[in-house]
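These numbers come from a predicted model, not from an experiment. Chain naming here is simple, since letters A, B, ... match the order of the sequence lines and numbering starts at 1 in each.
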Amino acid sequence: MDEKYFAQKIEQKWQKRWAESGAFEAEVDAARPKFYCLEMLPYPSGRLHMGHVRNYSIGDALAWYKRLQGFNVLHPIGWDSFGQPAEQAAIKKGVNPREWTEDNINQMREQLQRLGVSYDWRREIAAHRPEYYKFDQWFFLKMYEMGLAYKKMTKVNWCPRDQTTLSNEQASGGVCWRCGSPVEKKDLAQWFLRITAYAEELLGGMTEIEAGWAERVLTMQKNWIGRSEGAFVEFEVRAANGIERVSGETHSTENSNAETSTAADGSDKAAADKIRIFTTRIDTIYGANAILVSAYHPIIESNFDNFSDEVKAKIEEIKIELAKPTDYGEEVEKDGVDTGLKATNPFSGEELPVWVGNYVMIEYGTGAVMSVPAHDERDFEFAKKFNLSIKQVISAKDAAFKEKDETSIALDKTSNVFDKASNVLDETSKTLDKTSNIFDKSSNVFDKTSKGLETTNNPSEAFTEYGILMNSGEWTGKTSEDAKREMAEYAAKNNFGKATVNFRLRDWGISRQRFWGAPIPIIYCEHCGTVPVAIADLPVRLPESAPFTGVGESPLAKVPEFVNTFCPKCGAPARRETDTMDTFVDSSWYYFRYADPHNEDMPFNPEVVAYWLPVEQYIGGVDHAVMHLLYTRFWTRAMRDMGLVNFDEPVRNLLTQGMVVGESYYSEEKASYIPPDEVNIERDERGKILSAALASDDSPVKVAVEKMSKSKYNGVDPDDMVLIYGADAVRIFALFAAPAENELVWQETGIDGAVRFLQRVYRFVYRWREAISGVWPNVVTLLEESDTSTIETTGQARKLRQKTHQSIKRITDNFESYQFNTPVAALMELSNALGDFKIEPEAASGEELFAVTEAVRNLILMLAPYAPHIAEELWEVLSGSDKGILASGARFPTVVENLAKADEIEIPIQVNGKLRSRILVAPETAQKELEALALSDAKIKEHTDGKQIVKVIVVPNRLVNVVVKG
RNA sequence: GCUUGGGUGGCGGAAUUGGUAGACGCACAGGACUUAAAAUCCUGUGUCCGUAAGGGCGUGCGGGUUCGAUUCCCGCCCUAAGCACCA
């Protein structure tokens, strides 16, 4: 043991030893409880960034903790190695994507190993390797068989000049990111996975995991799935005078979500004689003044030739405007055109004009809506703009509340009364709260209702609440709720509509016209049509290389050896599908593969997965809250339906870590970010920034805290940090500086604190090493095998033991509730307590040496999840064993409750809720005694003198509050 | 606009879920050691008044409930993230 702490030396030593001994390798062991600790797999960009370090530090702390608790811990890592950057590198630099990717993986693996994360490296996987993507294809074929994978026409962003599809990001601003040509929408056949078939289940399954997932993630998923209950209604269409109507096939009235979306997006030649709309407010249908359809609605396409030139031009204009992406927050002005077509309201028999509306989305519902301006804000705006009629059909719920003002005030008072009541009655408070909420809500409704009542022929705004139907034929007088139900039933009975549930969720388009992905295993034969590749023929391998121009269709289409094949059915020459799969496919099931990573016949052995899965703890960024985490929940259900797994929810607990951010400096004058060493910062004596200016010309600079990035000069390279401070210090800082969910501000001075802490621990152990190692075997035996709470200790030895056991309690509690920052504080406190132990090792009495040894041993064990290298090293120094903490079978310490208890506790005494004095008493001092002590306290007497003591509140072991009057 | 978080010292953050607000760390100030610096150690550090003892104020703002509120209730303000004309 060196006198000084050299992080590099210790860390390399233990990384080597762990690897040699297979310390973190786990196998199925039915006799032990298992724990699956999973971190999101990284994209192999080549360099680790701080976000990774944070992610893996959290995961590793948990893995270590659980291992020390005796769990059989699965802690794997792999590479999300398919995707755009490799292909970009190929296009730009002409490198081979495979080599580029493998190089990056090698670099990053080394960086991870330098961090000393406790992975079972035998289980490493990489999505781009045939032995992995073979099973992407395997799953695709299974889903194809089950009807979960299908191909359909869809609109994509298309650059007419480069002849290529563009992602939404690449079509930003409505122009191609490469050549600047205006982007077109093009129909292209794409492969989809039918995630919508599980929409209801994905929503319902949330109750199973809500305890373990952050609420915001579940809410985001809920919104994304976007379930809404309503009805569809069909309107018969006929041509206006002088326009010939073109009829298509009759639209099926059988409703399924997939069906509606198919009809809406134009893949079927949909009916031209009926328009199907979706509404959540069928009760307002008598107020419809028009039918609005999307510019892409099939009825527009099939009748287009018969429209007047003016209408045609307007529709084209709307399409162009729609193609332009809009910024968040930007409100697009309502626009539209009357097509001249007419539709009949099946309820009222009224004839309504059919308009194209720019705010009707082809992607949602049926691509057509009924416009009810009196009761929908958007329709209201539209009607105002084009001077369309506005007819009110819903009125206030209860005419008795017409005199709104008094009523709602009265109700507000009532709700306040209820609030008071709820506070008084703890038990019933919940029920009462609800009641008061209802009152609050109703008072709101009444407020709005008043506006509804004023409404006549020319309302000033839309009334969107529920109410009582008016001007609605036989339905007049019914409540909205009743009318919704009954009108949907009526529509169903008469075959022009039905109650239905609509989802915002779309099927998952997985086709990518790219090279660096898993080829979709499909063959097109002139005679047999679309033919799946036989499972025995998997994998469909990517060719070594392809012409990477970044222009035109998929590079795979330009590789004849890949494209040309033979039909598996009839043997005739055929062509392969040249689309590859979305990389989210790889990440939807990778952590199942970790359980059985080398299986050649199956994605995994279901029995092995039944042992390791589900994942106990998943850790990653919130940015995956919807896409990845929704896809993988879908994938699990699909696997369940394949008979591979027997559960629905793959992840029990999800921790979404915050971003790592750094201070950045922006000069408005230069309109650019400035590197830190070119900025002068003036701080006040406390360190608060007073001003920041450019070093060169003294012009002002804006200081901000933003996500780390190279262009902002506010990033740090974790590898450099590890080199300078050591992996243990970097990891401690990453965990200590902020709660895992929060943003983490990276501050170089902060990491100094972590280093200082480790050095203090190291120095202490160095000073005491001889004394402790002399008694180590005896003390450890004692601690492990007998009840040490009976050992009498006094003075500072007793105090230290108390601190030790309080720390164990706190740290264990914190780990169990997934708090990773507060245990570090507790470890520091324990280390400070050791520092306060003012005695030389040689002079220590038996009980003092015992107390110190106990404290140091437990400190090392509890430090291991944060700083495993130094923990191992110190353990070795003191125990004399070179096997390390884990190999020697060490366990996380357990608290001895009566040692954690203080001999004396401080009880605050308040007068009227203000702290006035404190007394020291034995724990569990009786209530009466506490009261007497408090009242006789000199300081308290000062404050109560000449006043009437109304009552004394005594909370044993907590506080005393004396209430006085006058 | 909707949804969900969050607002505590100069900063990151603690606070057993109604019971001593500011643990721990950073930064800063003073001191010790040193020829000097670094490192280390000690002391102080919410704010205002006061030499001090002590006292006033203080967890975004305004109310409320309570002996007692950072914590519960009502109403605002600010802020972050996600979604966004979803019919």
Base orientation of B/U17, chi within 90° of 0 counted as syn, else anti, reads syn
Syn within 90° of 0, anti beyond: B/G68 is anti
Q: Mind telling me whether A/Phe815 and A/Phe820 have parallel, tilted or perpendicular rings, with 30° and 60° as the class edges?
A: perpendicular
Note to self: Below 30° counts as parallel, above 60° as perpendicular, anything between as tilted: where do the rings of A/Tyr762 and A/Tyr766 land?
What the structure shows: parallel
Tell me whether the OP1 or OP2 atom of [N] has a side-chain N or O from [X] closer than 4.0 Å.
X        : N     : answer
A/Gln819 : B/A15 : yes
A/Asn742 : B/G13 : yes
A/Thr280 : B/C86 : no
A/Tyr359 : B/A87 : no
A/Asn832 : B/G25 : yes
A/Lys914 : B/C57 : yes
A/Arg227 : B/C86 : no
A/Arg216 : B/A80 : no
A/Asn223 : B/A84 : no

Ion pair check, [X] and [Y], cut-off under 4.0 Å:
X        : Y        : value
A/Lys484 : A/Glu229 : no
A/Arg506 : A/Glu363 : no
A/Glu333 : A/Lys385 : yes

In A/Leu218, A/Leu505, A/Ile225, the residue satisfying side-chain contact (heavy atoms from CB on, under 4.5 Å) with A/Leu203 is A/Ile225
Judged by nearest nucleotide, the residue sitting upstream toward the 5' end of RNA chain B, A/Val960 or A/Met370, is A/Val960
Note: for A/Val626 and A/Arg958 on RNA chain B, the residue whose nearest nucleotide lies more 5' is A/Arg958
So OG1 of A/Thr219 and NZ of A/Lys222: to nearest 0.5 Å the spacing works out to 6.0 Å
For a quick check of understanding: with a heavy-atom distance under 4.0 Å over all strands, which category does [X] fall into, base, sugar-phosphate or nothing?
X        : answer
A/Val369 : base
A/His943 : sugar-phosphate
A/Glu942 : nothing
A/Val360 : base
A/Arg916 : sugar-phosphate
A/Asp813 : nothing

Margin query: If you go through the side-chain atoms of A/Arg760, does one of them form a donor-acceptor pair with the base of B/U40 closer than 3.5 Å?
Written below: no
Per the 3.5 Å Watson-Crick/G-U criterion and a run length of at least three, the stems involving RNA chain B are B:1-7 with B:77-83, B:10-12 with B:24-26, B:28-32 with B:40-44, B:46-49 with B:54-57, B:60-64 with B:72-76
> Is atom CD of A/Glu3 surrounded by more than 12 heavy atoms (other residues, nucleotides or ligands) closer than 6.0 Å?
Replying inline: no
